[in-house]
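See structure below.
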Amino acid sequence: MNTDAIKELLYKIADDQLIIGHRNSEWTGMGPILEEDIAFSSMAQDKIGQSYALYQLLHDLGEDEPDQVAFMRKANQFKNSQLTELPNGEYDYSLLRHFLFDTAESIRFEFLAQSAYSPLALLAKKIQGELRYHTMHANTWIKQLGNANQESILRLQASLDQLFPFALGIFEPSPFENVLIEEKIFVGEKVIMQKWQEQIAKILNATELLIPSFSEPAIYGGRFGHHTEHLTLLLEEMSEVFRIDPTAEW
Amino acid sequence: MYGGGNTFDPITDTKQATEDPQKLQEFEARIERGEKIEPSDWMPDLYRKQLIRMIEQHAHSEIIGALPEGTWITRAPGFKRKLALMAKVQDEVGHAQLLYAAAETLGKSREQMIDDLLEGKSKYSNIFNYPAFTWADACFISWLVDAGAIVNQLANSKGSYGPYCRALERICVEESFHLKYGHHCVIHLATGTDIQRKMMQEALNRWWEPMMHFFGPPDKVSVHTEVLMKWKVKMSSNDQCRNQFLDMYVPKILELGLTIPDPLLRKNPETEQWEYTEPDWEVFKKVINGDGPCNEERLAVRRVAEARGKWVRQALLKPKTEYVTPLA
């Protein structure tokens, strides 16, 4: 199998999980109600745990230890989609991002569970089970707030419109797209995006929200290491203590 | 963590309302026999009031206590610490949820309790009015503040009010993991590089006095709580708790090669009691009355969180409320 292609795939999904997990964890102590505080914190733990397991697969392929990979790389070495690095904003913004992102992730891991690269397929099966709760959570809230009152509908709509081009950026094709598909390691971004469109449409159609055009230009770059300034700041904060002495045991 | 009936705002209303003497006698006899009082049981007014006050303050301590540690989640060094700290702080917020629910069984709503916190009418554990400057401060909190809280909470879990006791039992189980996590972090700092050791010692120096304050003023000057002891609302005295904490943790701190910033600290072999430099109780009073290093900040953060989340709560409660879009 093409190891470079597998590594590239693993990096982008691991980085996505780490960065969104970090953002989710910023809701700890700040949620609109205690239960949401706890829910975001719970999802954050899942995501960061998932990223750790994925970095571990990379380590098995000869990459550095997970801690070094996560805490010591520079922003332009990260392959996460820009969607995941955007600051949390208000709850509507975080909720919409969570909905758009996790719908895509649950489809992605559903396919990865059938990957020809068996370590990934095994891990994906486990992750899939966790993501089911994340999408259930997102769908419940989108339906609730997307039908509640004028303020909640307007807020959700504004966030949806703002985030949509970034969400389309999740599916930025990789340079290894064809190899991955041929070797049955990964089904490819196009297939994921198509299913994603169907699923988000199904949920959003049950609300007062209007779906932006799927043919809107996507914001790409993340998969190639091009990021907003927010990622640099996030990484500086994340590694602040670790970098005091990266060789120390903390 | 974090609290457990040790917030020490003065008890303003200890006067017992005129209660039916026969009911009161039966109530006291039940407590005497070690029975638990349940929400639908008869209870004296003062008992209800004091319990609401105590459980509510404990719940507030959990959510306010999540702030100084919570700010270190995004900076925790390495996966292991990051995951554990997230889980720990989430537990604390979960404790608040449990405790608010326990207090609600006595007739005060969660919303009312949170409003009272934000308006400064209801207190929370004093120790969270101090800042966590470094990672080592966060480790100190996870280990020793939690340890102090467990001393209190274990005592209170033997109290008389059923819902509170059951909540505390669950909380204590989770706390015992926090304690292991905190201890593990402190061991790594205290036995680590020069920078790490220095960081840990400095945190200990900063937190020792607030930690001694944590258990409240000495028994000889503290507010009279005889009836609360009799009703098993309060289960052990401030000095007893402090002494037990020192008994359990001073050897563990010293074992790590750290220096406790109190030259007079020693256990008197005859009395079995710890002797120490009396912490400055004027400072304690000042902080508890709102003039500590972080009182304003902690409440401000909570107020902002409440204000930002208001539309969500409204959308859940009153789905059809009209909303006028702001012009700008």
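Numbered from 1 within each chain, the chains take letters A, B, ... in sequence-line order.
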Distance-only polar pair, side chains of A/S81 and A/D16, donor-acceptor under 3.5 Å: yes
Please work out which of the three classes, parallel, tilted or perpendicular, describes the rings of A/W27 and A/F40, given edges at 30° and 60°. tilted
Please look at A/S42 and chain B and tell me whether the side chain, the backbone, both or neither of the residue comes under 4.5 angstrom of a heavy atom of that chain. both
Proximal component of A/E249, with respect to chain B [non-hydrogen, under 4.5 Å]: both
Classify the side-chain pair A/E26/B/T74 by whether it contains a donor and acceptor separated by less than 3.5 Å. no
Report which part of B/A307 has an atom under 4.5 Å of a heavy atom belonging to chain A: side chain, backbone, both, or neither. neither
By side-chain contact (heavy atoms from CB on, under 4.5 Å), which residues pair with B/D91, not counting sequence neighbours? B/H95, B/E174, B/H178
Assert top hit (heavy-atom pairs under 4.5 Å, partner chain A, pool B/Q196, B/R81, B/E306) equals B/Q196
Please classify the contact of A/L18 with chain B as side chain, backbone, both or neither, using a heavy-atom distance under 4.5 Å. side chain
What part of A/L156 lies closer than 4.5 angstrom to a heavy atom of chain B: side chain, backbone, both or neither? side chain
Honestly, the part of A/Y55 sitting under 4.5 Å from a heavy atom of chain B is side chain
More than 12 heavy atoms of other groups within 6.0 Å of A/Q77 CD: yes
Under a 4.5 Å cutoff for heavy-atom pairs, which residue among A/R23, A/E90, A/Q45, A/M30 has the most contacts with chain B? A/Q45
May I ask you to say whether B/R110 pairs ionically with A/E35, meaning some side-chain N is under 4.0 Å from a carboxylate O? yes
Side chain from CB out, backbone as N, CA, C, O: work out which of these in A/Q144 comes under 4.5 Å of a heavy atom of chain B, or both, or neither. side chain
Heavy-atom pairs under 4.5 Å with chain B, option from A/L234, A/I244, A/I48 with the top count: A/I48
Is the gap between the ring centers of A/Y91 and A/W141 under 6.0 Å? yes
Using non-hydrogen atoms and a 4.5 Å limit, figure out which bit of A/Y52 sits close to chain B: side chain, backbone, both or neither. both
Do A/D46 and A/Q50 have side-chain atoms, one donor and one acceptor, less than 3.5 Å apart? no
Are a donor atom and an acceptor atom from the side chains of A/E151 and B/Q314 found within less than 3.5 Å of each other? no
Tell me, for A/L145 versus chain B, whether the close heavy atoms (under 4.5 Å) come from the side chain, the backbone, both or neither. side chain
Greatest number of non-hydrogen atom pairs under 4.5 angstrom with chain A, of B/R308, B/K80, B/K310, falls to B/R308
Between B/A76, B/G309, B/P77, which has the largest tally of heavy atom pairs under 4.5 Å with chain A? B/P77
